[in-house]
2 protein chains.
Amino acid sequence: METARDLFVLEGYQHVTMRQVAKSLGYSHGSLYYHFKNKAELFYSLVVKDFGLLNETLDKILNEDKDADVENKLKRILLGYIEFGIRHPNHYRIMFLIQDDDLQNALQQEPNLTYEKLASALHTLCGSKVTPMIVWSLFLSLHGFVAHYCGHPEQTYEDVKGMAEAHVSFLMKGLH
Amino acid sequence: METARDLFVLEGYQHVTMRQVAKSLGYSHGSLYYHFKNKAELFYSLVVKDFGLLNETLDKILNEDKDADVENKLKRILLGYIEFGIRHPNHYRIMFLIQDDDLQNALQQEPNLTYEKLASALHTLCGSKVTPMIVWSLFLSLHGFVAHYCGHPEQTYEDVKGMAEAHVSFLMKGLH
DNA sequence: ACTCTATTTGAACAACGGTCAATTAATGGA
DNA sequence: TCCATTAATTGACCGTTGTTCAAATAGAGT
């Protein structure tokens, strides 16, 4: 899985072949199918594991500085989501963007869980001031930012950080 | 191209094979390569052509009722973008979502032109009240909505119309 | 009829994901 | 140590894909 991840992070789901992974390991490509049902399941298991980092990040922000400025925390939550997506474009693509039947079957409801995590964070921070509809809009707007820059992975998070902050500021204006 | 479009609208870029298109036409698959450099170029030319509909829609909204309520027009522009994307998910995917080297080469700057169209419409309506950064955020937020529902094409525009209106309302709150 | 170009054909290629019978390695008990 | 059972690996094989290309055919103009 580590070998697969290295290739995957570098080249993306579509470009990495099972034969490549096997060759990097010094194994035959047939052996991979003894451990994983298919290509989708191999990379899916990677992505789910690594998405734990996003959950951790969101939790960390929520739990530190219990009485800190809510606005600031909210901003960091939203920016945290964007940063994770842009720093792991191939992971994000598998989770939310790639259209593939095997992948859809493997993913099941993992994307939903990620959304629920973000939604509950927003609810914790803002209480009932934000309706479910607004949370959904907020998520889709963050998603749009990440989805776009996932298609331009030559731009690092540092490159787009300013834009991300402006985007988040824009979105937060819709919360009042 | 019409034959290709019918298949393409129904099944999407990845699922339509050159052999399928040729068979539907009663031709051999090799002949397609006399007219189009590759698969990407064939479907790209389709999509660019059909995207003209979006431009027309935006122009139509801009030009009718010269003195109508700006807020209302703006709302219809943003909704128009969403509606086009959701009614033509496969077109939208090719233009903005699919990751494919041949496709990227074929697309060149067509996606940019679509964005410019929307941006200039917003600028015409709102003047200098909206900064380029806000226009960009607005676009990315619309994009997020469309991108998400492009992954769930079983939902028609009618199904998500209410959500789209709520999303647009949310975004417009960020303009004041 | 002949020539030149436009078009079509289908075999061939390389690469892919995936399958599977055969083989080899590892394990644990007698 | 031997053996039986399981775990793991192999590589040939399949069907499908996008793409190429020499050869065949069709069409148009002279």
Side-chain angles (χ1 to χ4, degrees), chain A residues 1-49 89-91 93-95 97-108 110 151 153, chain B residues 1-49 89-91 93-95 97-108 110 151 153:
Chain A
M1 281 176 67
E2 286 175 24
T3 302
R5 178 169 53 228
D6 291 346
L7 289 171
F8 167 69
V9 165
L10 215 62
E11 317 198 32
Y13 179 72
Q14 328 254 19
H15 288 79
V16 178
T17 72
M18 296 298 265
R19 283 168 170 83
Q20 248 181 74
V21 175
K23 195 173 184 179
S24 289
L25 284 165
Y27 281 63
S28 138
H29 70 273
S31 72
L32 299 181
Y33 291 89
Y34 180 78
H35 302 276
F36 299 94
K37 188 162 102 247
N38 53 31
K39 182 182 178 183
E41 209 204 42
L42 165 56
F43 290 99
Y44 148 81
S45 60
L46 276 187
V47 166
V48 167
K49 204 175 156 196
N90 288 316
H91 288 73
R93 260 198 289 271
I94 278 217
M95 198 66 118
L97 258 19
I98 286 181
Q99 197 82 358
D100 179 295
D101 294 340
D102 289 333
L103 222 48
Q104 304 279 6
N105 288 343
L107 277 171
Q108 307 235 9
E110 293 293 338
Chain B
M1 282 176 67
E2 288 174 22
T3 303
R5 179 168 54 226
D6 291 347
L7 289 171
F8 167 69
V9 165
L10 215 61
E11 317 199 32
Y13 178 73
Q14 327 255 19
H15 287 79
V16 178
T17 72
M18 297 299 265
R19 284 168 171 84
Q20 249 180 71
V21 175
K23 194 172 185 179
S24 289
L25 283 165
Y27 280 63
S28 139
H29 66 273
S31 71
L32 299 181
Y33 290 88
Y34 180 77
H35 302 277
F36 300 93
K37 187 163 103 247
N38 53 30
K39 182 182 178 182
E41 210 202 41
L42 165 56
F43 290 99
Y44 148 81
S45 60
L46 277 186
V47 165
V48 167
K49 203 174 158 196
N90 287 317
H91 287 72
R93 260 199 289 270
I94 277 217
M95 197 65 117
L97 258 19
I98 287 182
Q99 196 81 357
D100 180 294
D101 295 339
D102 289 333
L103 222 50
Q104 306 277 7
N105 289 342
L107 276 172
Q108 307 228 13
E110 292 294 337

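Worth saying up front: this structure is predicted, and the values here are computed from it rather than measured.
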By side-chain hydrogen bond (donor to acceptor under 3.5 Å, both in side chains) - contacts of A:H15 (at least two apart): B:D101

Sorted by chain and residue number, the ring-ring contact (aromatic ring centres under 6.0 Å, His included) partners of B:F43 (sequence neighbours excluded) come out as B:F8, B:Y13

Using a 4.0 Å cut-off on protein heavy atoms (strictly under), produce a 5'-to-3' string for nucleotides 23-29 of chain D with B for base contact, S for backbone-only sugar-phosphate contact, and - for none. -------

Is A:Y27 atom OH crowded by more than 12 heavy atoms from other residues, nucleotides or ligands, each under 6.0 Å away? no

Taken in chain and number order and not counting sequence neighbours, the residues that satisfy ring-ring contact (aromatic ring centres under 6.0 Å, His included) with A:Y33 are none

Should A:H91 and A:V9 count as side-chain neighbours, where that means a heavy-atom distance under 4.5 Å? yes

Rounded off to whole Å, could you give me the CG-to-P distance for the B:L103 and D:dG18 pair? 13 Å

Look at A:Y34 and D:dT9 and indicate whether a side-chain polar atom (N or O) is within less than 4.0 Å of OP1 or OP2. no

Check whether any side-chain nitrogen or oxygen of B:H35 sits under 4.0 Å from OP1 or OP2 of C:dA6, and answer yes or no. no

Qualifying salt bridge (charged side-chain N to carboxylate O under 4.0 Å, His left out) pairs with a residue from residues 3-27 of chain A, counting only residues at least two apart or across chains: A:R5-A:D50

Side chains of B:L107 and B:M95 in contact at under 4.5 Å (non-hydrogen atoms): yes

Per-nucleotide protein contact string for nucleotides 9-18 of chain C, where B marks a base within reach and S marks sugar-phosphate only (heavy atoms under 4.0 Å, - for neither): BBBB---BBB

So do the side chains of A:M18 and A:L42 get within less than 4.5 Å of each other, counting heavy atoms only? yes

